[in-house]
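Inspection log for the structure reproduced underneath, given as structure tokens.
Given the structure is predicted, the values throughout are model-derived calculations rather than measurements. Position 1 is the first residue of the sequence, and the numbers go up from there.
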Amino acid sequence: MKVGIDSYCYHRFFGEVYPQQNAAPSKLSLEAFLDRARALKVDGVSLESCYINPDLHYLRHIRGILDSYGLDRVWAWGHRDGLEGGTSEAALVQMIAHLDCADAIGAKVMRVVGSSRKFRHEPHNAQLDGLTRMFLEAVKPARDHDIKLALENHIDFDSDEILSVIERVGSPFLGVNFDTGNFVRLLDDPIRAMTKLGKYTYATHVKDLKIQRGAPADEWFFFSSTPVGDGIVDNRKLAELLAEAGYTGFLAVEIDFLHPDYSDDEDAAVEKSVTELRKIAADL
């Protein structure tokens with residue numbers, strides 16, 4: 001099993017700061033992030049497109065860096081609201097267009113987002129119908145590019161709902177980006193979710209979480225990110241289930257809202273997470 005990093009870990013350093021967070025002390029370029037991934041000797045990176053110039057000439061330059069560093073890669077589209085619960089035709093057009101971006105960096109998997117917590121309390125059946133229709137359309141150009149789409153639970157749909165879309169589309173070019181923490185935030189057991197979704201998983205976000213005392217219980221960051229191994233998510237068991245399902249991608253550390261106990265030091269949390277995931281991977 002391989003180990004990697006999602007660039008969202010450094011979102012403050014790319015300029016996206018939540019209202020409850022402090023601004024980062026410095027800015028980070030994509031090239032600097034790749035240098036850090038190389039220094040940590042990881043196997044792969046997931047690159048959040050929202051922080052990247054989509055110019056194809058530039059992306060081919062990035063592909064050269066990825067190739068020279070020997071990094072596997074996932075192109076991540078959809079931050080923040082993705083296809084807006086199957087209602088945004090403009091987002092569908094953009095998602096399909098991003099297959100060219102994924103191809104430019106040499107990615108064979110593109111993480112995609114169907115909805116978000118913004119739409120969580122709107123009727124789900126209509127959203128799932130809309131997403132099924134959109135993905136039935138999107139898997140055709142995905143097949144032409146030979147790039148697999150990996151649908152993430154973005155604090156919107158539980159594992160049964162994700163599974164229903166995958167099965168209704170019924171294409172090997174639509175699978176899952178399994179986020180180990182977001183299922184917890186929906187109070188959906190990630191172990192139970194993995195038993196259903198493992199065989200469809202093409203990419204991962206490996207989070208660990210613990211309760212942030214004082215945070216409102218209805219806020220998504222009530223369960224805040226910790227380094228892997230410090231929280232409540234059994235990522236070792238999840239990795240074992242992935243291995244049993246024949247997963248060939250990498251375990252990508254993702255930190256979104258770092259728990260206050262870690263003093264705004266995402267980089268230290270990433271490094272600790274990589275070390276822990278290497279131990280897990282070595283035992284598989």
Which residue pairs satisfy the ring-ring contact (aromatic ring centres under 6.0 Å, His included) criterion with at least one member in residues 155-177, sequence neighbours excluded?
-> H124-F157
Test salt bridge (charged side-chain N to carboxylate O under 4.0 Å, His left out) applied to D6 - qualifying residues, sequence neighbours left out = none
Listed by chain and number, what are the side chain to side chain contact (heavy atoms under 4.5 Å, CB included) partners of D208, not counting sequence neighbours?
-> T226, V233, N235
Look only at the side chain of S116 and the backbone of K118, and say whether a donor-acceptor pair between them is shorter than 3.5 Å.
-> yes
Among pairs that include at least one residue of residues 18-32, which meet salt bridge (charged side-chain N to carboxylate O under 4.0 Å, His left out), considering only residues two or more places apart or in two chains?
-> none
Remaining members of the apolar cluster that contains Y202, side-chain heavy atoms under 4.5 Å | V74, V109, F250
List the atom of S225, the atom of R185, and the distance in Å for their closest heavy-atom pair.
-> OG-NH2, 4.2 Å
Note: L71 and A37 closest approach over all heavy atoms is CD1-CB, 4.4 Å
Taking only residues two or more places apart in sequence or in another chain, which ones pass side chain to side chain contact (heavy atoms under 4.5 Å, CB included) with C50?
-> E48, H79
Using the six-membered ring wherever Trp is involved, compare the ring planes of F257 and Y18 and label them parallel, tilted or perpendicular (cut-offs 30° and 60°).
-> parallel
Side chains of L83 and V112: does their closest heavy-atom pair fall under 4.5 Å?
-> no
E266 to R12 - nearest heavy-atom pair and separation | OE2-NE, 2.7 Å
Within a strict 4.5 Å, meaning less than it, do heavy atoms of the K237 and M194 side chains meet?
-> no
Side chain of K108, backbone of D146: donor and acceptor closer than 3.5 Å?
-> yes
Across all chains, not counting sequence neighbours, the salt bridge (charged side-chain N to carboxylate O under 4.0 Å, His left out) partners of E89 are R133
Could you tell me which residues satisfy ring-ring contact (aromatic ring centres under 6.0 Å, His included) with F33, sequence neighbours excluded, listed by chain and number?
-> Y10
Contacts of F14 meeting ring-ring contact (aromatic ring centres under 6.0 Å, His included) (sequence neighbours excluded), chain-then-number -> Y51
ring-ring contact (aromatic ring centres under 6.0 Å, His included) with H154: which residues, sequence neighbours excluded?
-> none
Out of curiosity, S115 OG to I155 CD1, how far, rounded to the nearest 0.5 Å?
-> 11.0 Å
Does L241 reach the side chain of F178, with side-chain heavy atoms less than 4.5 Å apart?
-> no
Report the residues that fulfil ring-ring contact (aromatic ring centres under 6.0 Å, His included) with Y262, sequence neighbours left out, ordered by chain and then residue number.
-> none
Student check: side-chain heavy atoms of V206 and L238 closer than 4.5 Å = no
Only counting residues at least two apart or in another chain, list the ones meeting salt bridge (charged side-chain N to carboxylate O under 4.0 Å, His left out) with K148.
-> none
Any side-chain heavy-atom pair of D158 and N153 under 4.5 Å | no
